[in-house]
Amino acid sequence: MERSLTIGYAFDQQLRETANAEGRNYWYAYIEEILSRLGLCSQALPLSTCADVDLLSRTGVLFLGNLQASAIPSYSAESLSNWVEDGGILIGFATEGLDDLFGVSGEETIPQEPDPFSIAGYFDLLPSPITRDCRAPIDPDQHLLITSPIRPLRCIDAQPLAHLFTCDPSHPEDGSYALETDAPVITHRTIGAGHAFYFSFDIAQTMWVLQQGRPVDRDRDGDGRLRRMDASVVGDNSRAVPYADALHFLLTNMIGRAPVPSIHSIPPHEGRVSPALLYFGGDDECTPGVQIPASDSMASRNLPYHINAMPLDGRFAFDADEQARIEANGHEIAIHYDFVTNFDHPCGFTRQDVLEQAGQFRERFGRDSVCGVNHCVRWTGWAEPARWMLEAGNKADNSFFGWTSPPNNPVNTLGFVHGSAFPRRIWEDAEHENARLDFLEIPITGYEVGYEDEAFIPEKVHQALDLALRYRLTLEFFYHPVYIAQYPACRQAIDELIRLIGKLPVPPILMGLDRLYHWWTAREQAVIRNARQSQKTIAFEIDCAWEDGYVAKIPTGEAPPTECQVDGSPAEFTSAAEFGQHWTFIPLTAGSHSIEVRL
């Protein structure tokens, strides 16, 4: 008997419209972004799915949002319970009305105060095959963050996967003061052949808030400018912990209780599975004489590079001949927006400011910029700059900085104050119907890593690469052209990275930011069809247009597969024991393929 491995999420457009009409974000809309980032092909399903035996039988994994009990159709509990018992995976985000199915009972909700971007509580993952290695071993005493209301639980017939720490009223934004409780906040119940997972908080809101931050409406950190640092919601907690990625990997493991196929976040290297994707960029700040030495230096090391060129009084710092040389090196050029010079700080900037500088770039370079960055990572509002940049012909941004201020320029940092190492789309507010913008945010994570002034600090290079390799991350190594050109310690740090890469059996994929945008977009547009499982076989059709190929990723439980076929012929695959089980990686050429994996 075959079982479907398709992914669905119950979604009621009317609930979003009602929330937006009341001026509230409908946070559960972000489930689309979460599943896309996991490399999964999913579909929105009507709430009636919960009681529709036929539709459930064609679904392998089902997500439910923070629904009130009154929104759940009658007879859902029985239908869902039977479906889970037959092998379905149910994941609820503070869903009400199905406590018996999830094996929990809920207590009075802890409100999120004073606003939807505040820390409402903290949690630690407990030992389990499902939680194994999901939290990066950085600042291990730091609790993970919850940025949504919380429904404390008691386990009735479920196993706890994480337990709650409540905020200290005097220090709500400092997890070191948080108060430990015995209440679970994430649970797991096995029912027959299936699984029911429950979050006592809205993971969609938490991931959205962590990754997009709060609106930049004032100078919160007192550095005199409105910048991405003012969007941070991590408070006085560690800047080095990838909070949202812990949830990313946890969800991957939950879904991975079934052999659900996905498109890996990293394309292959010459037909082999690559261990990470590293990208390189830096801002020229309209400093003449540094672009060519920096580009030549990176090219001599066979490294990609992405130079963000800043206009000053409408002029750029290098001419057409220098541009041709940079591009002949295989390097990218993009806009470095200047919302610093001649602005009365602290202040925002406007749509017209964006369009004017985008037009200057277009006039000078004959095309629109793909992935730009804002000088000193300036920002204003929430999604507005992304909306304006998209209107200006841009496709992506690299301003979400990984650390906070002070210091004003935190060099030699590996930070995740925006939650994650992975790219993500920008989403609109309630006024704009929580729409998903076709605009990608590519975060700055490793910033001038490996040196400070004239001091070479190799340990930070090792830490950054080790983290990328361990978690198969996309990770930036950001180096300004002026530092590459003029600081020997900067070049030492880059050479140390090259030395470490040279010791690997398969190197990481190396890209500039424009190319990363194009890869991520191709991955998002990829399709997995007709995924199904029989007793000993996993089969599906898959299609991705990326010219260098792509990798299908499948969890296979306690053992690797015995055989893999692509389009009816035996094919190479790689199996790795990660996150408490085996994962199979199948390198594929561009285009459509039929896959069959035998266990």
Side-chain angles (χ1 to χ4, degrees), residues 213 216 219 221 223-232 280-291 294 305-318 332-365 368-381 384-386 388-389 392-411 413 415 417-418 426 439 441-445 447-448 476 478-486 512-514:
V216 177
D219 180 18
D221 57 20
D223 67 2
R225 293 172 178 164
L226 300 189
R227 305 204 286 164
R228 279 307 309 178
M229 288 79 160
D230 297 307
S232 169
F280 299 82
D283 308 336
D284 82 345
E285 305 192 1
C286 206
T287 304
V290 300
Q291 295 83 1
Y305 195 47
H306 175 104
I307 294 178
N308 298 300
M310 189 175 85
L312 193 59
D313 297 325
R315 296 179 177 272
F316 293 85
F318 55 97
E332 303 166 352
I333 300 170
I335 183 72
H336 183 194
Y337 285 106
D338 181 12
F339 306 127
V340 174
T341 306
N342 299 324
F343 281 74
D344 185 16
H345 300 285
C347 64
F349 52 88
T350 67
R351 170 180 173 271
Q352 188 56 41
D353 293 327
V354 171
L355 296 179
E356 180 180 350
Q357 293 188 35
Q360 292 168 356
F361 183 93
R362 187 182 306 113
E363 182 178 358
R364 165 65 183 78
F365 294 98
D368 289 325
S369 173
V370 177
C371 180
V373 69
N374 298 344
H375 187 31
C376 298
V377 295
R378 288 268 280 118
W379 203 261
T380 187
E384 291 90 335
W388 301 333
M389 292 171 189
N394 304 163
K395 301 295 186 183
D397 172 73
N398 186 218
S399 299
F400 280 30
F401 196 79
W403 213 257
T404 54
S405 176
N408 187 58
N409 187 34
V411 299
T413 53
V417 297
H418 287 97
I426 300 293
F439 189 87
E441 181 56 44
I442 303 175
I444 298 174
T445 43
Y447 180 72
E448 304 294 346
E476 181 161 28
F478 185 107
Y479 295 105
H480 285 86
V482 65
Y483 297 141
I484 296 174
Q486 299 179 3
L513 284 93
D514 288 0

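Sequential numbering from 1 along the given sequence is applied to the chain's residues.
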[X] and [Y]: side-chain donor and acceptor closer than 3.5 Å?
X: E476; Y: N398; value: yes
X: D353; Y: T350; value: yes
X: D338; Y: T341; value: yes
X: N394; Y: Y337; value: yes

Expected output: side-chain S369 to main-chain I335 donor-acceptor under 3.5 Å: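 Between the backbone of I335 and the side chain of S369 there is a qualifying donor-acceptor contact (under 3.5 Å).
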Side-chain donor or acceptor of H306 paired with backbone N/O of A334 under 3.5 Å: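 Judged by distance alone, no pair lies under 3.5 Å.
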Stepwise ring pair (Phe, Tyr, Trp, His ring centres under 6.0 Å) test for F316 and F365: CA-CA 10 Å; F316 293 85; F365 294 98; 5.3 Å; yes
Evaluate the side-chain proximity of [Y] to [X]: yes if any heavy-atom separation is below 4.5 Å, no if none is.
X: V373; Y: M310; result: no
X: T404; Y: D221; result: no
X: M229; Y: S405; result: yes

Between F280 and Y305, ring centroids under 6.0 Å: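 No, the ring centres sit 6.0 Å or more apart.
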Atom pair CZ (R378) and OG (S399), whose distance is rounded to the nearest 0.5 Å: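 The OG atom of S399 is 11.0 Å from CZ of R378, to the nearest 0.5 Å.
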F339, W379, F439 screened by side chain to side chain contact (heavy atoms under 4.5 Å, CB included) with P385, the one that passes: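 For P385, the side chain to side chain contact (heavy atoms under 4.5 Å, CB included) test succeeds with only one of F339, W379, F439, which is W379.
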F401 six-ring centre to R228 NZ/CZ under 6.0 Å and within 45° of normal: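 No cation-pi geometry.
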